[in-house]
Amino acid sequence: MVGLVSGFGLVFTVSLFSWICCQRKSTKSNTTPPYKFVHVLKGVNIYPESLNSKKKFGADEKTELAPKSLISKTSLHLDLEKRDLNGNIPKANKVRSSPDLEDFSQPQLPEKDKDSISPESVKSNASILSVDKQDKLGTLFFAVEYNFEKKAFVVNIKEARSLPAMDEQSMMSDPYIKMTILPEKKHKVKTRVLRKTLDPAFDETFTFYGIPYSQVQDLVLHFIILSFDRFSRDDVIGEVCFPLLGIDLSDGRVLMNREINKRNVRKSAGRGELLISLCYQSTTNTLTVVVLKARHLPKVDVSGLSDPYVKVNLYHAKKRISKKKTHVKKCTPNAVFNELFVFDIPCEGLEDISVEFLVMDSDRGSRNEAVGRLILGSSADGTGGEHWKEICEHPRRQIAKWHMLCDG
C-alpha cells in the first residue's frame, strides 16, 4: 500500500512539473522580446516572433506554418514602401472623384455654354495670357530735380522691379541701365551691373551741369534697360522715354515710375542706301574704294537722329586682311562722307576678294549699333554682284552705284 501511494505521488509530481514548464513556455512566447532588429533603409522595427516561420531569423525552413487565425493576430504586415522614415504608415488622403475634380478645375457652366466652347477659343485665351506675360517687362523707378545753386539737372535712378529673366539657365538677369538726355545726346551715363537679380536696386545719382532751368522742359530722358552678357552682345530688356514737358521742379525732387516698354527703334522697313565707288587697278593690283553718301538711314534713337559712320572690311578667302572706317557724321539720316581708301590686293584678280560695308551709329559711352550691311564681291547677290562684275570687266575705271543695305 505504501508503494502504491509513493508511486502515485511521483506521477503527480512529474505531471505538475511538466504543466508548470508548459505554462512558462507559453507565457514567454507571448511576451515582446527585449531585443529588436531595425530596418536600415526604412527605419521599421521588426520583431522575429511576430513573423511567420519563413520570415523568422534563424528559423528552420521545415517548420510548418501556423493557422491563418493565429497568423492574422500575431504577424506584422510590413509594407515598407507605404511607410515613412519613422516606420509609421501615413493616413491616406481622400481622393476626389472625377466629378469633384471637374468642379475644382473649372467652374460649372450651363449645358448651352459647354456646347459653345471650342478648342480654338481655349487656344486663343492661352495665347492672350502668354502675350500679356511677355509684354510685361517690369517697372522703372527714378527721381528728377534741379539744383538752382549749381545750375545742374539731377537724375536719381532708384530701382527696377519685376524684370524678365534673360539667362535661360539661371533664370536671372544681370541688369544695368543706360540713360541719355535727348535731343542733343550730349549727356550719356550708365549704372553699374548688378548680378543675378530681377529687382535691381541701383540708387545712383547723376548730375548734369550747364543745363539752364529754362531748357529742362524741352528735354527727354531715355532709359535703356539691358542685361550684361560676358560672351556676346548685351541683351536689351526694354526702354523708357520720359519727356520733362509739364514737370515742375521748382518745388524740389519729383519721384516717378514708368512701365518698361519693348524697344522698337527700327520702325522703317528698309535699312537705307549707300553710294559706293570702286576702281580696280590691275597694274598695281590695288582696289580703290570711295564711300560717297548714305541716305534714308533708319531711326536708331528715339530722337529720330543718327550719328552714322561706315566701317570697310576687305576679305580674302573669307578672312579679313584689312579694315578702314570713315568719320562720324552727327545727327543726320543722310550723310555725306566722300572718303577714299586704297587696299592692296594680295593675289592676282578679284575672284577671292570681297568688301564688307557696315553702317554704324556712333553711341558714346556704349557699344555702337549696326544700322545696315552691304557685301560687294563675285559671290554677292543683286547689285553687289553686278557692281563687282563691272569693275572686273573694266579695270582702271571708277564706277559708282547705289546699294540697298540689309540687316546688320
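The nearest pair of heavy atoms linking P298 to S306 is O-OG, 3.4 Å. Considering every non-hydrogen atom in both V328 and S362, the closest pair reads CG1-CB, 3.8 Å. Contact between C392 and L350 at its shortest, heavy atoms only, is SG-CD1, 3.8 Å. Among all heavy-atom pairs drawn from Y309 and H327, the shortest one is CB-O, 3.5 Å. When all heavy atoms are compared, the tightest approach of I237 to L137 is O-CD1, 3.3 Å. Across all their heavy atoms, F337 and A294 have their closest contact at CE1-CB, 4.0 Å.
In terms of the salt bridge (Lys or Arg N to Asp or Glu O under 4.0 Å) criterion, K330 has no residue partners (sequence neighbours excluded). Shown here are the side-chain contact (heavy atoms from CB on, under 4.5 Å) partners of P346, two or more places apart in sequence or in another chain: H316, I321, I353. With sequence neighbours excluded, the residues forming a salt bridge (Lys or Arg N to Asp or Glu O under 4.0 Å) with R295 are E273, listed by chain and number. When the salt bridge (Lys or Arg N to Asp or Glu O under 4.0 Å) test is applied to R195, the partners found at least two apart in sequence or on another chain are D174. Contacts of S378 classified as side-chain contact (heavy atoms from CB on, under 4.5 Å), with partners at least two apart in sequence or in another chain: W388.
When atom types are taken as modelled, the side chain of H387 and the backbone of I399 share a donor-acceptor pair closer than 3.5 angstrom. At distances below 3.5 Å, at least one donor-acceptor pair connects side-chain atoms of T191 with backbone N or O atoms of I177.
A heavy-atom distance below 4.5 Å is not found between the side chains of K323 and K311. S173 places a side-chain heavy atom less than 4.5 Å from the side chain of L198. L226 is listed as a side-chain neighbour of K178, based on a closest heavy-atom distance under 4.5 Å. Between I391 and L376 there is no side-chain heavy-atom pair separated by less than 4.5 Å. Between V355 and L278, the closest side-chain pair of non-hydrogen atoms is not below 4.5 Å. By the 4.5 Å heavy-atom criterion applied to side chains, L163 and I260 are counted as neighbours. Taking the side chain as every heavy atom from C-beta outward, K293 and N334 never approach each other to under 4.5 Å. Counting heavy atoms from C-beta outward, C331 and D307 have side chains that approach closer than 4.5 Å.
Here D199 contributes atom CG and T139 contributes atom OG1; the two are 10.0 Å apart, rounded to the nearest 0.5 Å. A distance of 11.0 Å separates OG of S227 from CG of L194, quoted to the nearest 0.5 Å. A distance of 7.0 Å separates CG in L314 from OG in S354, rounded to the nearest 0.5 Å. Atom CG in L405 sits 9.5 Å away from atom CG in L358 (nearest 0.5 Å). Here M166 contributes atom CE and E168 contributes atom CD; the two are 9.5 Å apart, rounded to the nearest 0.5 Å. Once rounded to the nearest 0.5 Å, the distance linking NZ of K190 with CD1 of I157 reads 12.5 Å.
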Quiz prompt | Pair I224-H222, side chain to side chain contact (heavy atoms under 4.5 Å, CB included): steps then yes or no | solution = CA-CA 7 Å; I224 302 178; H222 182 213; 3.7 Å; yes
Quiz item: Going through the checks in order, is the side chain to side chain contact (heavy atoms under 4.5 Å, CB included) test met by N261 and V240?
Solution: CA-CA 6 Å; N261 301 317; V240 172; 5.9 Å; no
Exercise. Verify side chain to side chain contact (heavy atoms under 4.5 Å, CB included) between F141 and L255, making sure each step is shown before the conclusion.
Key: CA-CA 8 Å; F141 296 83; L255 300 177; over 6 Å; no
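Residue pairs meeting the ring-ring contact (aromatic ring centres under 6.0 Å, His included) criterion with at least one partner in residues 148-176, sequence neighbours excluded, are Y146-F148, F148-Y213. Every pair passing side-chain hydrogen bond (donor to acceptor under 3.5 Å, both in side chains) that includes a residue from residues 274-285 is listed here, sequence neighbours excluded: S277-Q398, Y280-N285, T284-T286. Listed by first then second residue, pairs satisfying salt bridge (Lys or Arg N to Asp or Glu O under 4.0 Å) with a partner in residues 137-163 read E145-R253, E159-R161, not counting sequence neighbours. Under the salt bridge (Lys or Arg N to Asp or Glu O under 4.0 Å) criterion, the residue pairs touching residues 338-357 are E356-R373, with sequence neighbours excluded. Listed by first and then second residue, the ring-ring contact (aromatic ring centres under 6.0 Å, His included) pairs involving residues 238-258 are F142-F242 (not counting sequence neighbours). Sorted by first and then second residue, the salt bridge (Lys or Arg N to Asp or Glu O under 4.0 Å) pairs with a member in residues 377-389 form an empty list; sequence neighbours excluded.
For the side chain to side chain contact (heavy atoms under 4.5 Å, CB included) criterion with W402, the lone passing option out of I276, T383, L292, L275 is L275.
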May I have the list of side-chain donor-acceptor pairs in residues 204-211 shorter than 3.5 Å, sequence neighbours left out?
| residue | atom | partner | partner atom | Å |
| --- | --- | --- | --- | --- |
| E204 | OE2 | R192 | N | 3.0 |
| E204 | OE2 | R192 | NH1 | 2.7 |
| T205 | OG1 | N156 | ND2 | 2.7 |

